[in-house]
Q: 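Would you mind keeping the following structure in view while I ask a few things?
These numbers come from the heavy atoms of this one structure, side chains and all, not from hydrogens, waters or symmetry mates. Here is how names work: the chains are called A, B, and so on, in the same order as the sequence lines, proteins then strands, and each is numbered from 1. In this text the structure is predicted, and so the values were computed from the model without any measurement.
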Amino acid sequence: MSRSELLEQIYTIVSRIPEGRVTTYGRVAKMTDGATARMVGRAMGQLPDGHGLPWHRVVNASLKVTEHGGAVRQREQLRAEGVAFDARGRINAELLWP
DNA sequence: ATGCCGGCTCAGC
DNA sequence: GGCTGAGCCGGCA
């Protein structure tokens, strides 16, 4: 598997995450043929604006939004589509997408 | 080629 | 559930 093919799989999978649901870097990675969680995180960080991918629906294994530059915007977008966060910033596990 | 660091994860405490 | 350390991975300087 070449990196570009892996990248393509990652994008395809992410684009399939339903609105109001979330998944994790590791889960996305496992759905590909060999990508790692870090590669997924990196792929998300590289996305240009207006690509149309729901990158904000991808969170870390603790079901929290990883702190980085766009973390605030990510939380806002999720909240905007109905994803609730508890007092500690964690997302309800029932919203996890397979 | 080399070395450092990461939008992470998982096993151990 | 939180903290720590390793992973043997890729991108990038």
Q: Could you run down the sub-3.5 Å N/O contacts of the protein with nucleotides 1-4 of chain B?
A:
none

Q: Take A:Met39 and A:Lys64, find for each the nucleotide of DNA chain C with the closest heavy atom, and name the residue whose nucleotide sits nearer the 5' end.
A: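 Its nucleotide being nearer the 5' end, the pick is A:Lys64.
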Q: Would you say A:Leu6 and A:Val40 are hydrophobically clustered, going by side-chain heavy atoms of ILVMFWY under 4.5 Å?
A: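 Each belongs to a different hydrophobic cluster.
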Q: Indicate for each nucleotide in nucleotides 8-13 of chain B, in 5' to 3' sequence, whether protein heavy atoms under 4.0 Å reach the base (B), only the sugar-phosphate (S), or nothing (-).
A: BSS---
Q: Look at the side chain of A:Arg88 and decide which nucleotide, out of B:dG7, C:dG2, C:dG1, has an atom nearest to it.
A: C:dG2
Q: Output the rounded distance in Å from CE (A:Met1) to P (C:dG10).
A: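 That distance rounds to 14 Å.
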Q: Convert the base pairs of DNA chain B into dot-bracket notation, remembering that pairs crossing earlier ones are written with [ ] and that bases paired across to another strand are shown as |; include only Watson-Crick or G-U pairs under 3.5 Å.
A: .|||||.||||||
Q: May I have the distance from A:Arg75 (atom CZ) to B:dG7 (atom C1'), rounded to whole angstrom?
A: 12 Å
Q: Drop me the distance from A:Ile13's CD1 to A:Arg27's CZ, to the nearest 0.5 angstrom.
A: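 Output value for this atom pair is 12.5 Å.
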Q: With the 4.5 Å side-chain cut-off for hydrophobic clustering, are A:Tyr25 and A:Leu53 part of the same group?
A: yes
Q: Check every strand shown and say whether A:Glu67 touches a base, only sugar-phosphate, or nothing at a heavy-atom separation below 4.0 Å.
A: nothing
Q: Give a yes or no on whether A:Leu78 and A:Leu96 share a hydrophobic cluster (residues Ile, Leu, Val, Met, Phe, Trp, Tyr; joining criterion: side-chain heavy atoms under 4.5 Å apart).
A: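 Cluster IDs for A:Leu78 and A:Leu96 match.
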Q: With rounding to the nearest 0.5 Å, note down the distance linking CZ in A:Arg57 to CE in A:Met44.
A: 12.5 Å
Q: Decide whether A:Val58 and A:Leu7 are clustered together by the hydrophobic rule: side chain heavy atoms of Ile, Leu, Val, Met, Phe, Trp, Tyr closer than 4.5 Å, transitively.
A: yes
Q: Within a 6.0 Å radius of atom CD on A:Glu5, are there more than 12 heavy atoms belonging to other residues, nucleotides or ligands?
A: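 Buried by this count: over 12 neighbours within 6.0 Å.
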Q: Answer with base, sugar-phosphate or nothing: what part of the nucleic acid does A:Met44 contact at a heavy-atom distance below 4.0 Å?
A: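 Base: the residue A:Met44, judged by heavy atoms under 4.0 Å, touches a nucleobase.
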Q: Would you call A:Met39 and A:Thr32 a side-chain contact if the rule is heavy atoms closer than 4.5 Å?
A: no
Q: Which heavy-atom pair separates A:Pro54 from A:Ser15 by the least distance, and what is that distance?
A: CD-CA, 3.9 Å
Q: Determine the contact category for A:Val58: base if any of its heavy atoms lies under 4.0 Å from a base atom, sugar-phosphate if only primed atoms, P, OP1 or OP2 are that close, otherwise nothing.
A: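 Base, at least one base heavy atom under 4.0 Å.
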Q: Minimum heavy-atom separation for A:Glu81 and A:Gly20, please, with both atom names.
A: OE2-N, 2.9 Å
Q: So, is A:Gln46 near the phosphate of C:dC12, with a side-chain N or O under 4.0 Å from OP1 or OP2?
A: yes
Q: OP1, OP2 of C:dC9 versus side-chain N and O of A:Arg3: anything below 4.0 Å?
A: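 For C:dC9, OP1/OP2 do not have a side-chain N/O of A:Arg3 under 4.0 Å.
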Q: Give a yes or no on whether A:Trp55 and A:Met31 share a hydrophobic cluster (residues Ile, Leu, Val, Met, Phe, Trp, Tyr; joining criterion: side-chain heavy atoms under 4.5 Å apart).
A: yes
